[in-house]
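Please read the structure below before turning to the comments.
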Number of protein chains: 2
Amino acid sequence: MLSAEQVVAAAIQCADSDGVDGCTMRAVADRLGVTPMALYRHVRSKDELLARIPDLLLFEVMEAAVRQRSGVSALREIALGLAKVLMARPWSTRLFEQPEPGPNMQAAAAHCIGLLVAEGASADEAFQWIRAVVAQVIGEMLTAHGRFDSTGVDLLLAAIPDLMRSSRPTR
Amino acid sequence: MLSAEQVVAAAIQCADSDGVDGCTMRAVADRLGVTPMALYRHVRSKDELLARIPDLLLFEVMEAAVRQRSGVSALREIALGLAKVLMARPWSTRLFEQPEPGPNMQAAAAHCIGLLVAEGASADEAFQWIRAVVAQVIGEMLTAHGRFDSTGVDLLLAAIPDLMRSSRPTR
DNA sequence: ACCTGAACACCGTTCAAGT
DNA sequence: ACCTGAACACCGTTCAAGT
């Protein structure tokens with residue numbers, strides 16, 4: 001008896017051993033000892049299956065992020081954790097293009113935004129900063145083919161405290 | 001009588017009208033009034049065909065970049081030009097993951113690095129900054145699904161002049 | 001409800017053959 | 001040299017059928 005999460009986990013294993021192109025419905029089914037058609041009971045299409053992978057990979061990143069007590073440190077944890085995930089599985093980078101927004105992504109973002117807002121940022125600003133940092137990491141990994149140069153992330157993280165100060169000039 | 005560039009251009013047209021998934025060897029061949037096999041005379045594989053698309057799309061960006069006379073303005077031109085290209089053809093963003101480094105990309109980068117070095121940066125620094133800015137734009141487009149928020153690019157471009165000053169403290 | 005088997009309409013690519 | 005036609009080994013997915 002299969003669950004959707006088992007199917008996604010099997011897809012991750014397939015991609016780990018044969019690349020994302022080797023992650024076919026038939027290969028995933030084989031790994032589960034099941035017929036390809038059985039997958040369609042738990043997943044609408046191959047595209048949906050692939051889109052569900054990112055959130056599953058972010059479980060530990062989310063755990064680390066919600067443990068932080070300041071906005072910038074949560075942001076840093078998200079950036080470095082995501083970079084670590086993408087370095088461990090470079091094939092997954094492209095799947096973050098159209099991820100199914102899942103519980104892990106949402107929890108990490110919500111916690112980080114909450115902290116930044118408590119520190120004086122607007123919700124819009126906080127959202128933009130997360131987006132910018134995540135975009136930097138993904139873009140960096142995508143263009144660097146698996147290596148990670150933290151130049152861009154460092155610049156962004158260094159700039160944000162200043163922006164925060166200037167967005168609440170008096171107190 | 002076909003040329004490789006014609007094949008790449010036809011592939012761009014296919015992707016424009018049917019998305020990158022509709023850009024099959026058969027569809028490209030049809031558009032050129034030719035058999036799928038004819039394409040293999042000019043292109044080693046479908047992957048190579050797709051990898052050649054980015055450089056062709058960057059022709060005008062390269063023209064604008066080499067016209068600049070300061071490193072940061074060349075960098076800005078690359079960032080905004082690339083963003084424009086990716087907004088016009090969102091399907092192409094993912095192809096920048098493994099681009100075939102072509103003449104346009106190389107000319108734009110070389111000009112920009114030359115300017116930054118003449119202004120006092122090291123070649124390594126200049127290279128890292130270009131990479132960071134390009135990564136930001138691509139990551140932003142990839143995660144924003146076609147819209148472009150310049151927050152990250154603005155932060156990076158604002159930070160670079162300061163870095164440049166500090167890397168040559170005396171004169 | 002959950003899974004299977006057979007089949008359909010596609011792919012990218014090879015290989016021998018044409019001119 | 002350049003292109004074609006037929007064929008191969010795959011795909012994702014549908015549909016009817018089993019339990």
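Chain letters run A, B, ... following the sequence lines, proteins first, then strands; residues in each count from 1.
Listed for the A/His42 side chain is no donor-acceptor partner under 3.5 Å among the backbone atoms of A/Ala4. The closest donor-acceptor contact from the side chain of A/Ser150 to the backbone of A/Val153 lies at 3.5 Å or more, if one exists at all.
Contact detail for B/Arg26 and B/Pro36: the closest heavy-atom pair is CG-CG, 3.7 Å.
Here the CD-CD distance, from A/Glu48 to A/Gln98, works out to 13.0 Å after rounding to the nearest 0.5 Å. Between the SG atom of B/Cys112 and the CZ atom of B/Phe127 there is a distance of 11.5 Å, given to the nearest 0.5 Å. Note: B/Cys23 SG to B/Leu49 CG = 6.0 Å, rounded to the nearest 0.5 Å.
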Which atom pairs link the protein and nucleotides 16-19 of chain D when you take only N or O atoms and keep those under 3.5 Å?
none

Please tabulate, one pair per line, each protein N/O and nucleotide N/O from nucleotides 10-14 of chain D that are separated by under 3.5 Å, including the distance.
| residue | atom | partner | partner atom | Å |
| --- | --- | --- | --- | --- |
| D/dG12 | OP1 | A/Met25 | N | 3.4 |
| D/dG12 | OP1 | A/Lys46 | NZ | 3.0 |
| D/dG12 | OP2 | A/Met25 | N | 3.2 |
| D/dG12 | N7 | A/Arg26 | NH1 | 2.6 |
| D/dG12 | O6 | A/Arg26 | NH2 | 3.2 |
| D/dT13 | OP2 | A/Tyr40 | OH | 2.7 |
| D/dT13 | OP2 | A/Lys46 | N | 3.0 |
| D/dT13 | O5' | A/Tyr40 | OH | 3.3 |

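Here D/dT4 presents its P atom at 11 Å from NE2 of B/His42, a figure rounded to the nearest Å. When rounded to the nearest whole Å, the span between CE of B/Met1 and C1' of D/dC3 equals 11 Å. Whole-Å rounding puts the A/Asp30 CG to C/dG5 P distance at 12 Å.
Against DNA chain C, the stretch residues 6-20 of chain A makes no heavy-atom approach under 4.0 Å. Against DNA chain C, the stretch residues 92-102 of chain B makes no heavy-atom approach under 4.0 Å.
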Dot-bracket summary - DNA chain C, pairs being Watson-Crick or G-U whose distances fall under 3.5 Å, with | when paired to another strand: ||.|||||...|||||.||
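Listed by chain and number, the residues in a side chain to side chain donor-acceptor pair (under 3.5 Å) with A/Gln13 are A/Arg31 (sequence neighbours excluded). The side chain to side chain donor-acceptor pair (under 3.5 Å) test applied to B/Thr35 returns no partner, not counting sequence neighbours. Judged as a side chain to side chain donor-acceptor pair (under 3.5 Å), and not counting sequence neighbours, A/Arg94 has no contacts. Applying the side-chain contact (heavy atoms from CB on, under 4.5 Å) rule to A/Ala51 yields the partners A/Glu100; only residues at least two apart in sequence or on another chain are considered. Scored by the salt bridge (Lys or Arg N to Asp or Glu O under 4.0 Å) test, A/Arg76 finds no partners at all (sequence neighbours excluded). Under the side chain to side chain donor-acceptor pair (under 3.5 Å) criterion, A/Thr24 pairs with no residue at all, not counting sequence neighbours.
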Test log, rule side-chain hydrogen bond (donor to acceptor under 3.5 Å, both in side chains), inputs A/Asp149 and A/Thr151: CA-CA 6 Å; A/Asp149 178 336; A/Thr151 305; 2.5 Å; yes
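The shortest distance between side-chain heavy atoms of B/Pro99 and B/Asp55 does not fall below 4.5 Å.
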Show me the donor-acceptor pairs, under 3.5 Å and distance only, between side chains in residues 77-89 of chain B and residues at least two apart or in other chains.
| residue | atom | partner | partner atom | Å |
| --- | --- | --- | --- | --- |
| B/Glu77 | OE1 | B/Gln68 | NE2 | 3.4 |
| B/Arg89 | NH1 | B/Asp16 | OD1 | 3.2 |
| B/Arg89 | NH1 | B/Asp16 | OD2 | 2.3 |

